[in-house]
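Working notes, beginning with the structure itself.
Atom set for the values below is all heavy atoms of this structure, side chains included, hydrogens, waters and symmetry mates excluded.
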Amino acid sequence: MKGILGLLKPRARHGAAGPAGTPPQAAEAAPPSTLFATAFAGQGVDSTMLVPWEARAVEVGARRLPARQGGRQLQALWAQDRYMALLGPQAIERMERFFDFAALPAHRDVVRQDEYGNFMVVLLSGTIAVDRAQPWGEQLRLAEARPGDILGEMSLLDGGSRFSACTTLTDCQVAVLGAEALDAMMAEDPQLAAGLVALLARKLSLRLRLVSARLSEGPK
């Protein structure tokens with residue numbers, strides 16, 4: 001986590017003043033961040049294996065929602081979350097432009113187990129089932145996500161394959177953050193990105209502990 005947060009530190013922008021005596025135009029421009037957009041390359045994943053949100057949105061028949069509407073829903077839900085509320089309403093409002101907001105029909109696979117996808121989903125309304133197919137053949141229902149829950153952030157953060165499948169049980173509205181958008185947030189608003197990544201990592205750690213405890217029970 002320290003390595004990620006180190007990459008989120010602000011860098012000099014093009015035209016900003018450098019060390020004393022250095023003209024502003026000589027200051028080195030910060031290259032755009034590609035930390036999350038290139039994470040899958042380190043896993044040996046080529047572009048044909050990756051399922052981005054744009055492709056999944058077309059496949060499931062997603063309908064775009066106005067950003068202001070989705071942003072208000074996201075802000076209201078995260079204000080009730082003990083961790084995400086630490087961002088504050090102004091931070092979430094700044095974050096709004098990096099998200100895509102969409103309405104999804106029922107019985108659609110938002111995420112499939114073992115695929116590679118570079119986006120996470122925040123459920124704004126409706127219910128999403130989180131299932132995992134076990135090696136011995138059992139289909140285990142890990143959870144039924146409710147509004148405010150975050151899904152798919154593990155693959156976004158570490159570039160690994162999806163741990164479980166996420167399927168809409170009802171019509172749903174979602175907020176989606178992709179790897180390129182998270183990189184843009186890092187470059188344009190690094191303090192905001194640092195706060196978001198740190199909170200996502202904390203929530204993910206807590207959830208994995210609960211899931212690990214369930215999976216350790218083995219077949220019944």
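- Both the sub-6.0 Å distance and the 45° axial angle are satisfied by Arg162 relative to the ring of Phe119.
- Judged by distance alone, the side chains of Arg146 and Thr127 do bring a donor and an acceptor atom under 3.5 Å apart.
- Residues Ser164 and Asp131 share a closest heavy-atom pair of CB-O, 3.2 Å.
- A salt bridge links Glu115 and Arg56; the closest N-O separation between the charged side-chain nitrogens and carboxylate oxygens is under 4.0 Å.
- Note on Glu59 versus Arg112: salt bridge recorded, some NZ/NE/NH1/NH2 to OD/OE distance being below 4.0 Å.
- Gln139 and Gln134 share no donor-acceptor pair across their side chains, judged by distance under 3.5 Å alone.
- Under the 3.5 Å distance criterion, with hydrogens and angles disregarded, a donor-acceptor pair is assigned to the side chains of Asp109 and Thr167.
- Closest approach of Ser125 to Pro147, counting heavy atoms only: CA-CG, 3.9 Å.
- Scanning both residues, Leu104 and Val60, for their nearest heavy atoms gives CD2-CG2, 4.0 Å.
- Closest of all the heavy-atom pairs between Leu177 and Phe98 is CD1-O, 3.5 Å.
- Minimum heavy-atom separation, Ile150 to Glu153: O-OE1, 3.5 Å.
- Nearest heavy atom pair, residue Gly160 against residue Ser155, reads O-OG, 2.9 Å.
- You'll find the side chain of Leu157 reaches within 4.5 Å of the side chain of Leu200, heavy atoms only.
- Note on Arg72 versus Glu93: no salt bridge recorded, every NZ/NE/NH1/NH2 to OD/OE distance being 4.0 Å or above.
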